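Step one of this worksheet: look at the structure below.
The model shown is predicted, which means the values in this text are computed figures rather than measured ones.
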Amino acid sequence: MDSDRDAPARAALDPVSRRWVERLAADHPAREQTVTRLRELLLRAARHELARRRGRLGAISGPEFDDLAQQAADDAVLVILDKLDDFKGLSRFTTWAYKFAVFEVSSKVARHAWQHHPPSSDSLVLQQAESPSRSPGETLEQREQLRILSDAIGELTERQRQVFVAIALNDVPMDELALELGSNRNAIYKNLFDARRRLRARLADAGHPVDGVELSAS
């Protein structure tokens, strides 16, 4: 961070946030201690978020649970140090930093779930889940729709696919994804909207009804 160029921006920050930013600068003598303190805060945030999402972790607990929290905190620290110049003081520094820990937890929970329950075309659903009351013909039709959707996801642009998989399949909050991708909520929403529109178009082209279809995670 260029100290002369960024001095006005730092002056506009609240005192606590300004102290965090200054002490995390590469040339600050207290940087190592400040990074350690930041990691401790993010580790607590990661553990809290993992506990909140425990339902998606199955039987994972103890050392494995803590290892996920440690990984999330470590990765969040690296991202924050890389994006330190992006902090504009729109919220307190710690609030801004916590979002990265939450995003890392979201990513790791999703990855853990996918590793233990690999996704298939059946992971994609159309708001109407399979029901025991469905006839064999209706079940076959839905499976065909899922196959079409699975193929169509591979035809999205890289960003559309990234956004759709993160939000619709992995339940990553839109604001957290925008922060991680260096984007904004409107751009993320546009990518998600375009992805869903293209997927619906593929269903329509294949002769499947799309009225009221909402693409989401199971």
Side-chain angles (χ1 to χ4, degrees), residues 1 13-14 16-17 19-26 28 30-119 123 158-159 161-185 187-189 191-192 216-218:
M1 180 180 291
L13 302 178
D14 66 88
V16 175
S17 296
R19 188 158 55 249
W20 273 108
V21 173
E22 290 174 347
R23 295 186 178 187
L24 287 172
H28 196 282
R31 185 179 194 248
E32 185 175 345
Q33 297 95 313
T34 307
V35 169
T36 298
R37 184 181 168 210
L38 175 63
R39 186 185 182 281
E40 291 171 352
L41 291 175
L42 297 181
L43 181 58
R44 288 200 293 271
R47 284 171 173 157
H48 175 79
E49 188 64 16
L50 276 171
R52 192 177 71 83
R53 297 169 181 258
R54 185 178 288 277
R56 297 193 62 187
L57 294 174
I60 184 173
S61 61
E64 191 176 1
F65 178 92
D66 193 61
D67 184 56
L68 278 178
Q70 300 279 355
Q71 291 177 37
D74 288 341
D75 291 346
V77 167
L78 291 177
V79 173
I80 289 168
L81 294 178
D82 184 60
K83 294 181 177 290
L84 197 58
D85 289 346
D86 294 341
F87 177 62
K88 305 302 181 186
L90 300 179
S91 63
R92 294 179 67 88
F93 178 82
T94 48
T95 301
W96 179 78
Y98 287 161
K99 292 180 180 180
F100 290 97
V102 171
F103 181 86
E104 292 299 331
V105 167
S106 298
S107 298
K108 284 169 174 51
V109 168
R111 190 175 305 122
H112 173 85
W114 280 39
Q115 287 173 345
H116 290 74
H117 304 284
S123 298
E158 182 178 354
R159 178 51 66 91
R161 184 166 56 252
Q162 187 177 28
V163 169
F164 179 79
V165 170
I167 294 176
L169 302 186
N170 290 346
D171 297 325
V172 176
M174 190 175 295
D175 289 333
E176 292 172 20
L177 184 63
L179 185 65
E180 175 67 14
L181 297 180
S183 185
N184 59 69
R185 185 181 180 87
I188 295 298
Y189 181 82
N191 289 137
L192 183 62
S216 64
S218 57

One thing to verify: whether R161 and E158 come together as a salt bridge, which I'm taking to mean a side-chain N less than 4.0 angstrom from a carboxylate O. no

Measure the spacing between OG1 of T94 and CG of L42 and express it to the nearest 0.5 Å. 9.5 Å

CD1-CG distance between I188 and L181, expressed to the nearest 0.5 angstrom: 5.0 Å

Of all heavy-atom pairs linking S17 and S91, the shortest is OG-O, 4.4 Å

Stepwise salt bridge (charged side-chain N to carboxylate O under 4.0 Å, His left out) check, E22 with R19: CA-CA 5 Å; E22 290 174 347; R19 188 158 55 249; over 6 Å; no

With the side chain counted from C-beta on, respond yes when F100 and D75 share a heavy-atom pair under 4.5 Å apart, and no when they do not. no

Using the side chain to side chain contact (heavy atoms under 4.5 Å, CB included) rule, take I80 and W20 through it: C-alpha gap first, then chi angles, then the decisive distance, then the call. CA-CA 11 Å; I80 289 168; W20 273 108; over 6 Å; no

Using side-chain heavy atoms (C-beta onward) and a distance below 4.5 Å, is M174 in contact with L192? yes

Distance from L13 atom CG to F87 atom CZ, nearest 0.5 Å? 5.5 Å

Measuring from Q71:CD to D66:CG, what's the distance to the nearest 0.5 Å? 10.5 Å

With sequence neighbours excluded, what pairs up with T34 under the side-chain hydrogen bond (donor to acceptor under 3.5 Å, both in side chains) test? none

Sequence neighbours excluded, which residues qualify as side-chain hydrogen bond (donor to acceptor under 3.5 Å, both in side chains) partners of D74? R39

Minimal heavy-atom distance between W96 and K83, with the atoms involved, is CH2-O, 3.6 Å

Quick one: pull up CG in L68 and CD in E104 and give me the separation to the nearest 0.5 Å. 11.5 Å

When you compare the side chain of R92 with that of Y98, does any pair of heavy atoms fall below 4.5 Å? no

Taking all non-hydrogen atoms of both residues into account, name the closest pair between A72 and V105 and its distance. CB-CG2, 3.8 Å

Say you draw a straight line from CG of L84 to CZ of F93; how long is it, rounded to the nearest 0.5 Å? 5.5 Å

Do L81 and R31 come close enough that some side-chain heavy atom pair is under 4.5 Å? yes

